[in-house]
Amino acid sequence: MTVLIQGGTVVNADRSQQADVLCHDGLIVAVGESLEAPKGATIIDAGGQYVMPGGIDPHTHMQLPFMGTVASEDFETGTAAGLAGGTTMIIDFVIPGPQQDIMEAWHQWREWAEKSVSDYTFHVAITWWDDSVHKAMGTLVNEHGVNSFKHFMAYKGAIMADDEILVNSFSRAIELGAIVTVHAENGELVFRLQQELFDKGITGPEAHPLSRPPQCEGEAANRAIRIAEVLNVPLYIVHNSCRQSLEAITRARNEGQRVFGEVLAGHLLIDDSVYRHEDFEVAAAHVMSPPFRSAEHQAALWRGLQSGNLQTTATDHCCFCADQKAMGKDDFRKIPNGTGGVENRMEVLWHHGVSTGRLTMNEFVAVTSTNAAQIFNVYPRKGSISVGADADIVVWDPEATKTISAKTHFQKVDYNIFEGMTVKGCASYTLSQGKVVFADGKLDVERGAGRYVHRPPFASYYAALQIQAQRNEPTAVKR
Ligand code: URP
Ligand code: ZN
Ligand code: ZN
C-alpha cells in the first residue's frame with residue numbers, strides 16, 4: 001500500500017518542517033516538499049494539520065489477570081482504542097505470578113497479544129527469584145528482544161519485589177544490557193496503613209489515597225534509585241504521581257545518574273477529590289495505584305515534564321468495569337486497581353500541554369513518542385518521521401474538538417476518567433505500518449495485524465559503563 005500525506009507540517013521531537021510524507025510497504029520512504037504521488041497512491045490532505053510520529057504508550061496492561069479478576073480491555077480492543085487516539089504502539093507487561101515459570105508467562109502473554117491490531121512489545125516483571133529466573137532473563141534478552149525488566153515494590157503478598165529481588169534482578173540486568181523499571185511504593189507501609197484504616201472502619205474508596213501517601217512513593221523511588229546507583233544500572237520509574245518521587249529523580253539526575261521518569265496523563269489532570277465522591281461507583285472507578293494526588297503534586301509533575309526530569313507520558317491503561325470494581329464494595333483493599341486512557345492520552349496532553357503553552361509541539365512529540373522509543377531502544381524505527389522508519393503516523397488536526405465520554409469512546413470499559421472533558425486538537429488520521437487505520441472518526445483495523453517489536457539490549461552504553469567500572473575497580477591493600 002502506498003500513501004502520500006500532503007501539505008502538512010511534519011513535527012518531530014527535534015524540529016518542524018513543511019513536508020509531504022510518502023509511505024510504502026509499511027515504511028516511510030520519502031519526506032520532502034512537493035513529493036509526487038505514485039500511481040494508485042492514497043492521498044491524505046494534511047493542509048493546516050501536523051504530521052507526527054504515532055504515539056507510544058510505554059505502560060499498558062491489556063487483559064491483565066489482577067486482584068481476582070481480569071482487565072476488561074484485551075489486546076485487540078485496547079490497541080484499536082489506542083489507534084483512534086493516535087497511539088500506534090504500546091509497551092505492555094508480562095507479569096508472572098509468584099513462583100510461576102517466567103518463560104511460561106512469557107509465552108502466555110505473547111499468545112494473548114497475537115490479536116493486537118497495532119504493534120506492541122513487552123517489559124517483563126521479575127516477581128520472584130531463583131536460578132531459573134536468572135537464566136530466563138538471559139533468554140528473554142538474547143532470544144526474545146526484551147531489554148526492560150519491571151519490579152513492583154508494592155502489592156505485598158502478590159507480586160511485590162523485596163530488596164533481595166531488586167538487587168538480584170538489577171545485577172543481572174546490567175550484565176545483560178537491560179534497563180530496570182519500578183513501580184515505586186513501599187508495599188510494607190501500604191499494607192500497614194490499609195489494615196489500620198480498615199480497622200478504624202474507613203472501608204470505602206476514600207481510604208485508598210490515605211493508605212498510599214506520597215511519602216510511601218518517595219521512599220521507594222529513592223530506594224530504587226540508590227540501589228540502581230550502587231549497581232550502576234539505568235533505572236526507569238513508572239507512573240510518578242507526586243513531588244517526592246520527582247524530587248528523588250531530579251536529585252539523582254543532577255548527580256549524573258541515568259534515571260528516567262514516566263508520568264500518567266491521569267496524574268497530571270485528575271485530583272484526589274474523586275475518592276470522596278458520594279457515589280461508590282465513581283470513586284471506585286478512579287482507584288488505581290499510586291492514587292491521584294492533590295493540585296500541588298499535579299503542578300510539580302507538569303514542571304517535571306517541562307524541565308525534562310520526567311521524559312515520558314503513559315496511561316497505565318488497566319480497565320475494570322463497575323461490576324469488577326464492586327468486588328471492593330465493603331473493603332477498599334479489594335477494589336481492582338486500575339484505570340483506562342490509552343485512547344485519550346495524546347488529546348488531553350495536547351489540550352492541557354500544548355494549547356496552554358506548557359509544552360511546545362516538539363516537546364509534545366518527545367514526551368508522547370520519541371523519548372519512549374529512545375529509552376526502550378526502538379528509535380528511529382519508532383518515534384520518528386524519517387526515511388526508513390515504520391510508517392506509524394498520526395495526522396493531527398489542531399482545530400478539531402471533541403468531548404470525551406464513555407458513551408462514545410472505543411475503549412472496552414464502562415467509565416472514562418476524563419468524562420466530560422472537551423479537548424481541542426485530535427487525531428484526524430492514524431496510520432499503522434503504512435495503512436490508514438483511523439479516519440473520519442472510524443476505525444478500519446485488522447485483528448492480528450499488530451507485530452511484536454523486538455528491542456535489542458544497550459550494547460554500546462553498557463560497554464562504556466564497564467570501562468568506567470574497571471577504572472573504579474577497588475584494590476586490596478598489600479600488607
Ligand atoms: O493501579 C494500577 N496501576 N494498576 C495496574 C498495575 C500497576 O500497578 O501498574
Ligand atoms: Zn504500577
Ligand atoms: Zn501498571
Side-chain angles (χ1 to χ4, degrees), residues 56-73 78 82 90-97 105 109 120-127 148-161 166 180-187 190-191 194 205 207-209 211-212 214 216-217 220-221 224 235-242 245 261-268 270 272 274-275 283-293 312-321 324-325 327-328 332-342 345 372 376 411 413 415 417:
I56 299 172
D57 189 333
H59 188 158
T60 67
H61 302 280
M62 305 303 171
Q63 65 190 84
L64 175 69
F66 193 49
M67 295 183 72
T69 183
V70 178
S72 58
E73 186 89 273
I90 59 165
I91 314 186
D92 211 274
F93 295 79
V94 172
I95 308 182
W109 256 270
Y120 58 93
T121 181
F122 285 113
H123 311 283
V124 176
I126 301 303
T127 53
S148 51
F149 293 97
K150 169 76 176 288
H151 308 79
F152 291 90
M153 297 171 79
Y155 306 124
K156 180 176 157 71
I159 52 177
M160 183 169 102
L166 297 184
V180 296
T181 82
V182 294
H183 166 139
E185 282 186 300
N186 184 315
V190 170
F191 185 77
Q194 285 179 326
H208 180 70
S211 68
R212 313 183 91 100
C216 286
E217 189 177 334
L235 170 69
Y236 175 96
I237 303 186
V238 306
H239 53 39
N240 291 278
S241 74
C242 63
S245 61
E262 167 193 285
V263 61
L264 307 185
H267 282 134
L268 288 166
I270 294 164
D272 56 355
V274 291
Y275 298 114
H286 292 90
V287 167
M288 62 92 56
S289 297
F292 299 120
R293 307 283 191 194
T312 63
T313 57
T315 58
D316 198 359
H317 188 83
C318 185
C319 296
F320 299 104
C321 292
Q324 297 173 290
K325 294 278 185 180
M327 290 163 62
F332 70 96
R333 297 170 297 184
K334 298 191 177 137
I335 301 172
N337 285 204
T339 52
V342 71
R345 177 184 64 124
F376 295 111
Q411 298 175 143
V413 62
Y415 194 82
I417 55 169

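First listed ligand is number 1; within each ligand, the first listed atom is number 1.
The angle Asp316:OD1 - the Zn ion (ligand 3) - His61:NE2 amounts to 90°, with values rounded to 10 degrees.
Separation of atoms CZ (Phe93) and OG (Ser148) is listed at 8.0 Å; rounding is to 0.5 Å.
Distances from ligand 1 to the non-hydrogen atoms of Tyr155 include at least one value under 4.0 Å.
When heavy-atom distances to ligand 1 are checked against a 4.0 Å cut-off, Asn337 comes that close through both its backbone and its side chain. Residue contacts with ligand 1 for His183 involve side-chain atoms from C-beta outward but no N, CA, C or O (heavy atoms, distance under 4.0 Å).
In terms of protein heavy atoms, atom 3 (N) of ligand 1 is closest to Asp316 OD2, 2.6 Å. Looking only at protein heavy atoms, the nearest one to atom 1 (O) of ligand 1 is Ser289 N, 2.8 Å.
Considering every non-hydrogen atom in both His239 and Glu262, the closest pair reads N-OE2, 2.9 Å. The shortest non-hydrogen separation linking Lys156 to Gly187 is CB-O, 4.1 Å.
Of the N or O atoms in Lys150, none lie within a sub-3.5 Å distance of an N or O in ligand 1.
Checked by atom type, the side-chain pair Thr312/Tyr236 shows a donor-acceptor distance below 3.5 Å.
The side-chain heavy atoms of Phe320 and Val287, taken from C-beta on, include no pair separated by under 4.5 Å. Looking at Tyr155 and Val190, their side chains never come closer than 4.5 Å, going by heavy atoms from C-beta outward.
In summary, an N, O or S atom of His59 is located under 2.8 Å from the Zn ion (ligand 3). The Zn ion (ligand 2) has an N, O or S atom of His183 under 2.8 Å away, backbone or side chain.
Between Tyr275 and Phe292, the ring planes are parallel. Angles under 30° get that label, and only those over 60° would be called perpendicular.
Near Met288, meaning under 4.0 Å from any of its heavy atoms, are these atoms of ligand 1: 1 (O), 3 (N).
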